[in-house]
Amino acid sequence: MAGQTQVGGDPFEEMLVNMGPQHPSTHGVLRLLIRVSGEYVEDCRFHIGYLHRCHEKISESQTYVQNIPLSDRLDYVGAVPNGWAQCLAVEKLAGLEVPARAEYLRVIAAELQRIASHLLFVGTMGTDLGAVTMFLFGMREREMVIDLLEAMSGARLTYHYIRIGGVARDLPDGFAERAVRTLDTVLSRIPDYDDLFTNNRILRERAERVGVIPAQTALEHGFSGPTLRASGVPYDVRRCDPYGIYDRFEFDVPLGSNGDVYDRFTIRLREIEQSSRIVRQALEGIEGVGGPIRTPIKGRFRPAPGWAYAHVEGARGDVGYYIVSQGGDSPYRLKVRSPCFGNLAGLEHLIRGWKIADVVAILGSIDIVLGCVDR
Amino acid sequence: MAFSLPQYSWRELWEKGWSGFVTALKGMRVTIRYFFSRPTTVVYPYQRLELPVYYRGRHRQRVDANGIPWCIACGSCARACPLECIHIEASANPEPPDTKRRRKLDRFDIDLARCMYCGLCAEACPQDCLMLVADYEYSAWRPQDLVAPLSVQLRPEPLSEAELRYRADPASDPAPAKPKPPREASAGEGGEG
Amino acid sequence: MERGPIESLVHRLFAGLYGIPVLGWLIPIVLVLGMVALAALVLIWLERKVSGHIQSRRGPLHNGPHGLLQTVWDALKLLVKEDIVPSSADRLIMLMAPFVVFTPAVLVYVVMPFGKGWTVANLNIGLLWVVSVLSLGPVGIILGGWGSHNKWSLLGGMRSAAQLISYEIPSVLALGAIVMMAGTMSMDGLVAAQDQYEFVLTPPGLIAFVVYLVTALAELNRNPFDLPEAESELVAGFVTEYSGFKFAIFFLAEFANLLALSMITVTVFLGGWQPPSVLFFLPDSAQLPGVFWFAIKTTVMVFVFQWIKWTLPRLRIDQMLNVCWKGLIPITLGNLALACVWLLLTEKSWAR
Ligand code: SF4
Ligand code: SF4
């Protein structure tokens, strides 16, 4: 049959299916070449780079300040932590201090962003598994959290909130009450999610014991974030290498036990609860902390020659920025450690032996953003 | 390649089937509840959400009481822009309105199709006259129609109370210390805007 | 055989042309076709509204009152769209497929009792006709999947084949229990057999009803059994390459099927056009025309199908087959036995 490429094996049993880059559930422009036997995946190869925007190279020709908004475009549904990582690296390089109030604001923004991102994940997991209503529910609650972020930063997706030496602007009036109210609403909807989706037998059949990543494999492939923690590895940058003021907050790091799709799904639901705990504590803590929200930069910003690496816990894992300065206006080299790329790396051998429907589920559970993978 | 299916006992199958039935009913209870609850969506052209005053939408140039922009054609905004979407051409002003505005703008185009609304230009402006406002309805058929000349950027109305409060916060101002925008003695708030 | 109002109307109208019986059938056929097309448009609107409100949205709003005309414009848009055929597709098969799906969906209505005596043809094997005609639809889906020469379509077609062949069996077995209890296969007979109480109120009838609901979902390719057109997995399954008019026909067939299966469920399990027996305390309810009750019950069934669709996630293909072969078929076989016991207990004779 013309158009059907045979890759070894029995030509009547196997076919090569091209999934993406324009496929409804590859979460962007990922291309998977899957060799299937009936519905079973025998082999799989990934092609990435469709969204490559030369983030690192562009950064070398722009000033440090101009680079910050670009970081929002990496992981565009979890933008705040990217900017934080970059600012942290630049601040290390330049030896800038961050005012106390700005630290609180950064925590609030980053945790709200984590909630928003995980809500989107809950929704997309729904569409990947055919429950479109879950998608809209996830989006609905995400919108409410995005409204908070919009009130903080003035934009809805690419916030450009965290700046070198502080944050862009202070909280608007009445933000604390509004935020607590929104978080209460979001948390009160989670039992609905449980009834509709999480505890649904069909979901459990689809997700439990599917796409299991053993802890060892996950570590070997450089997984991080909730995807790694679902396999039972207690690695959270907020705990293991505290940055900002995370050592002041009380929160749990939820851990999974099986490392299957279901664990990766539920762990994010539990992280939403933990993040909202942190936001509440930060909103209480910020009451007594006044002062400026940004350390002014004097003159032209030219950090001393040297290098710095900083990483934070983004919504999808460990976001790292490595910046080398030669004393000029712009970095000599900027390297991003993207969590999605690491998480995606192990997938190739993970989805072997599962069905096409499971490929979608597993890919969805890893929660990649192609902007983050391709940079 | 050989694959094997999981084998279930009849008992397991029964439990799975029954719980499937029950959890499906539970899910249907949730959906029917939302079916009868109020929709959360906003019917956009007829209803609008309220945006924060510092929402980063399109650019505006503040003008003084005579309708002349406060801009001194210094070019800070164009230099601050990461995407180089601001184009400024200026010439000496034969009759300057004040000592600062010795140069007048011949061209001040912002390529809104190229802009990423980061707000760096507004922060760099020493006059505090370029600003991003909560206006997002300016779609066009062609990208070249999105190049906004100075004439469409002028903003005659004064800053609102909320905007003033936000902009008065010195901590939120960008790095270089900047002079206060010139103030006309008699005009009061109108002069400010 | 007694003539219903439509039939007698037709006979009166065409008394002069009686030598040409074709004309006598023409009007009911046109009526039914028109009703199906109109109902499909309304059902699409209803589906959008139901899904919208379930998801805290509003659904279509702007064209016509509450967006009622939205579907009409959408249909017009589909009709004027370019009809794209992939260069390597099998043109004839690809063209045939939508009609092979659509025709059985309409043929079912021939035996449907819309009201008392409102049947185009009262076959004495009505239910058998329904079952056999409905099982033709999958052929069209497989044709479409094969003919469009797209791997996603092919996978969708194959899934559809596996699914529909499997689910025919429990569906027929579930209906079998009802046929045993009613002692007839004629649709009118089935309705008449429910003049005391609906079959769904008897234990075997209830089990058969639930099983039939599940199999109907599978036959309609709706969640949790929408595997042949699983959007997130197979792009659009067997309709991936279809556009324009042919796609519109597929779409129409889907909703014609939805309506047909709702009507069959109503006729077989819920007492057809008779007023619901639970409303016996309302003596006036019997005064309303049968078609009114039929419409109400059908609408409720359509809503239930949509409600289920917008609630549940999708099964995987092996799980779907497990549900059928290891779940539904044993249940329906047991249900047949239960129906026998029930018949003995209620002392109904085998042959009426
Ligand atoms: S908002 Fe940013 S991208 Fe747009 S003109 Fe200003 S500096 Fe340039
Ligand atoms: S920075 Fe302000 S004053 Fe300078 S050219 Fe731009 S708009 Fe005019």
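Side-chain atoms are counted along with the backbone in the values below, which use heavy atoms only and exclude waters and symmetry mates. Labels below follow one simple rule: chain letters A, B, ... track the order of the sequence lines, proteins then strands, and each chain is numbered from 1. Being a predicted model, the structure only gives us computed values, none of them experimental.
Between Asp128(A) and Arg314(C) the shortest heavy-atom distance is O-NH1, 3.9 Å. Shortest non-hydrogen contact noted between Met15(A) and Leu155(C) is CE-CG, 3.8 Å.
One finds the CD1 atom of Ile317(C) at 8.0 Å from the NZ atom of Lys355(A) (value rounded to the nearest 0.5 Å).
Leu312(C) pairs with exactly one of Thr133(A), Leu196(A), Asn200(A) by the side-chain contact (heavy atoms from CB on, under 4.5 Å) rule, that one being Asn200(A). For the side-chain contact (heavy atoms from CB on, under 4.5 Å) criterion with Arg316(C), the lone passing option out of Ile356(A), Leu129(A), Asp358(A) is Asp358(A).
In this structure, Glu205(A) contributes its side chain and Gln319(C) its backbone to no donor-acceptor pair below 3.5 Å.
Ranked by heavy-atom pairs under 4.5 Å with chain C, the list Val36(A), Val360(A), Ile202(A) is led by Ile202(A).
Using a 4.5 Å cut-off between heavy atoms, Phe135(A) does not touch chain C at all.
Residues from residues 138-146 of chain A that place a non-hydrogen atom less than 4.5 Å from a non-hydrogen atom of chain C comprise Arg140(A), given in numerical order.
In this structure Trp325(C) satisfies the side chain to side chain donor-acceptor pair (under 3.5 Å) test together with Ser166(C), sequence neighbours excluded.
By the 4.5 Å heavy-atom criterion applied to side chains, Lys151(C) and Asn18(A) are not counted as neighbours. At least one side-chain heavy atom of Trp152(C) sits less than 4.5 Å from a side-chain heavy atom of Met19(A).
Remark: Tyr76(A) OH is packed, more than 12 non-hydrogen atoms of other residues, nucleotides or ligands lying under 6.0 Å away. By the neighbour-count criterion of 12 heavy atoms within 6.0 Å, atom CZ of Phe341(A) is sparsely surrounded, having that number or fewer from other residues, nucleotides or ligands. With a 6.0 Å radius and a threshold of 12 heavy atoms from other residues, nucleotides or ligands, His47(A) has its NE2 atom above the threshold.
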